[in-house]
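None of the values given here were measured: they were computed from a predicted structure. The residues of the chain are indexed from 1 along the displayed sequence.
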Amino acid sequence: MNRIAIAFSALALMTMPAYAQQPQAQCGLTEATSPSVRGVRLGMSTEQLLALFPANARRRDFKDALERVKTASSDETARLSIDPMIDASGDTSAGAVAVGLTKGRVTDFTISYVGPTWRNVDEWVAKLTESLKLPAGRTWTVGPNENPNKILRCNGIEIEAAIQGGGGSITIRNTEQVKVGEQRRDAGEEKKRREFKP
């Protein structure tokens with residue numbers, strides 16, 4: 001009787017669907033192979049970024065932000081806000097661009113579009129995967145934000161697609177740099193807790 005039970009168990013294991021035994025496909029993108037969106041890409045230098053938006057570089061507030069980038073400590077991330085409409089030649093779909101620079105290199109950026117409205121985040125993800133040649137399907141997971149969003153986790157980077165008010169945004173970030181920033185923030189908070197005197 002035991003031999004029959006063992007035989008049935010073995011047969012059941014062998015006939016299990018192959019997808020149940022295989023891990024989910026991974027995204028092979030890295031910082032070097034990450035997509036360029038409106039010319040912006042991870043790892044590009046401050047000078048390359050400024051070349052994309054020369055009219056923005058003449059704005060007073062932008063010049064002030066650039067000074068902060070130049071004087072930022074080695075691991076500190078400085079933020080720049082760019083209005084592509086200033087440099088666009090009538091392209092009304094160009095949205096706001098927010099860029100994080102660390103050590104003179106782009107470590108994250110977000111582009112928020114004012115173009116068409118998207119009914120749901122899956123429709124926006126489908127457009128991004130088609131346009132930017134990104135992995136599709138189950139490789140995108142639901143993100144933690146309150147706005148509908150999905151995240152594609154890759155080798156050292158992640159790509160986040162979100163919709164808010166119908167418009168779409170895409171964020172591409174170097175996750176190693178995010179970890180460094182979180183560790184620095186946590187160390188600073190720990191120091192504050194140690195030094196706090198109630």
Side-chain angles (χ1 to χ4, degrees), residues 24-46 48-53 55-57 62 65 69 77-102 104-182:
Q24 187 173 336
Q26 294 238 337
C27 169
L29 293 173
T30 64
E31 181 180 272
T33 61
S34 65
S36 170
V37 184
R38 300 277 175 152
V40 182
R41 70 174 302 121
L42 290 179
M44 71 188 315
S45 68
T46 305
Q48 291 170 320
L49 180 67
L50 294 177
L52 289 175
F53 306 102
N56 274 272
F62 199 80
V69 167
T77 299
R79 300 264 169 227
L80 291 178
S81 294
I82 300 168
D83 182 0
M85 290 301 293
I86 293 173
D87 287 295
S89 56
D91 184 2
T92 58
S93 68
V97 179
V99 180
L101 294 153
T102 307
R105 298 262 176 229
V106 173
T107 53
D108 68 87
F109 65 92
T110 299
I111 300 179
S112 302
Y113 296 95
V114 293
T117 58
W118 305 95
R119 291 182 290 258
N120 57 59
V121 72
D122 290 324
E123 186 178 45
W124 176 231
V125 167
K127 183 61 174 180
L128 290 173
T129 58
E130 172 193 339
S131 299
L132 301 175
K133 310 289 187 261
L134 299 172
R138 296 183 313 185
T139 53
W140 291 80
T141 59
V142 175
N145 295 340
E146 60 188 47
N147 294 326
N149 68 337
K150 287 205 168 176
I151 296 176
L152 175 65
R153 289 181 173 83
C154 304
N155 296 322
I157 69 165
E158 67 182 21
I159 301 171
E160 179 180 353
I163 57 172
Q164 183 176 12
S169 70
I170 181 171
T171 300
I172 303 179
R173 64 181 66 89
N174 178 318
T175 54
E176 297 304 315
Q177 188 60 43
V178 170
K179 286 178 192 172
V180 168
E182 287 173 351

Trainee: Heavy atoms only: give me the nearest Glu31-Ile157 pair and the separation to one decimal.
Mentor: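 Closest pair (atom of Glu31, atom of Ile157, distance): N-CG2, 3.6 Å.
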Trainee: Would you compute the distance between atom CZ of Arg173 and atom CD of Glu158 and round it to the nearest 0.5 angstrom?
Mentor: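 One finds 4.5 Å between CZ of Arg173 and CD of Glu158.
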Trainee: Per the side chain to side chain contact (heavy atoms under 4.5 Å, CB included) rule, which among Pro135, Pro35, Ser34 passes with Ile159?
Mentor: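 The single option meeting the side chain to side chain contact (heavy atoms under 4.5 Å, CB included) with Ile159 is Pro35.
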Trainee: Taking atom OG1 of Thr117 and atom CD of Glu123, what is their separation to the nearest 0.5 Å?
Mentor: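 Going from the OG1 atom of Thr117 to the CD atom of Glu123 covers 8.0 Å.
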Trainee: Would you say Leu52 and Met44 make side-chain contact, with heavy atoms under 4.5 Å?
Mentor: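 Yes, at least one pair of side-chain atoms sits under 4.5 Å.
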Trainee: Please report the interatomic distance OG1(Thr33) to NZ(Lys133), rounded to the nearest 0.5 Å.
Mentor: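 The OG1 atom of Thr33 sits 15.5 Å away from the NZ atom of Lys133.
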Trainee: Do Lys150 and Asp122 come close enough that some side-chain heavy atom pair is under 4.5 Å?
Mentor: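 Of all side-chain heavy-atom pairs linking Asp122 with Lys150, at least one is under 4.5 Å.
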Trainee: Between Gln48 and Arg105, is there a side-chain heavy-atom distance shorter than 4.5 Å?
Mentor: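 Arg105 reaches Gln48 side chain to side chain.
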Trainee: Measure the OG1-CG distance between Thr129 and Leu152 for me, rounded to the nearest 0.5 Å.
Mentor: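 Going from the OG1 atom of Thr129 to the CG atom of Leu152 covers 9.5 Å.
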Trainee: Does Arg41 use its side chain to pair, donor to acceptor, with the backbone of Ala32 at less than 3.5 Å?
Mentor: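 Yes, because the side chain of Arg41 sits within donor-acceptor range (under 3.5 Å) of the backbone of Ala32.
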Trainee: Would you say the side chain of Leu80 lies within less than 4.5 Å of the side chain of Leu49, judging by non-hydrogen atoms?
Mentor: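 Side-chain contact under 4.5 Å: yes.
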Trainee: Over all heavy atoms of both residues, which pair between Ala161 and Leu128 is shortest? Give the atoms and the distance, please.
Mentor: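 That closest heavy-atom pairing would be CB-CD1, 3.5 Å.
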Trainee: Are Asp108 and Arg79 close enough that some pair of their side-chain heavy atoms sits under 4.5 Å apart?
Mentor: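 Of all side-chain heavy-atom pairs linking Arg79 with Asp108, at least one is under 4.5 Å.
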Trainee: How many angstroms lie between atom SG of Cys27 and atom CD1 of Ile151, to the nearest 0.5 angstrom?
Mentor: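 Cys27 SG to Ile151 CD1: 12.5 Å, rounded to 0.5 Å.
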Trainee: Is there a side-chain contact between Phe109 and Val37, using heavy atoms and a 4.5 Å cut-off?
Mentor: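 When only atoms from C-beta onward are counted, Val37 and Phe109 do touch, with a gap below 4.5 Å.
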Trainee: Can you tell if the side chain of Arg38 reaches within under 4.5 Å of the side chain of Tyr113, non-hydrogen atoms only?
Mentor: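 Sidechains of Tyr113 and Arg38: in contact.
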Trainee: Between Leu29 and Leu134, does the side chain to side chain contact (heavy atoms under 4.5 Å, CB included) criterion hold? Intermediate values first, please.
Mentor: CA-CA 9 Å; Leu29 293 173; Leu134 299 172; 3.6 Å; yes
Trainee: Can you list the steps and then say if Ser169 with Ser112 is a side-chain hydrogen bond (donor to acceptor under 3.5 Å, both in side chains)?
Mentor: CA-CA 4 Å; Ser169 70; Ser112 302; 4.6 Å; no
Trainee: What distance separates Trp118 CH2 from Ile163 CD1, expressed to the nearest 0.5 Å?
Mentor: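 These two atoms lie 10.0 Å from each other.
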Trainee: Taking C-beta and beyond as the side chain, do Leu42 and Thr107 meet within less than 4.5 Å on heavy atoms?
Mentor: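 Of all side-chain heavy-atom pairs linking Thr107 with Leu42, none is under 4.5 Å.
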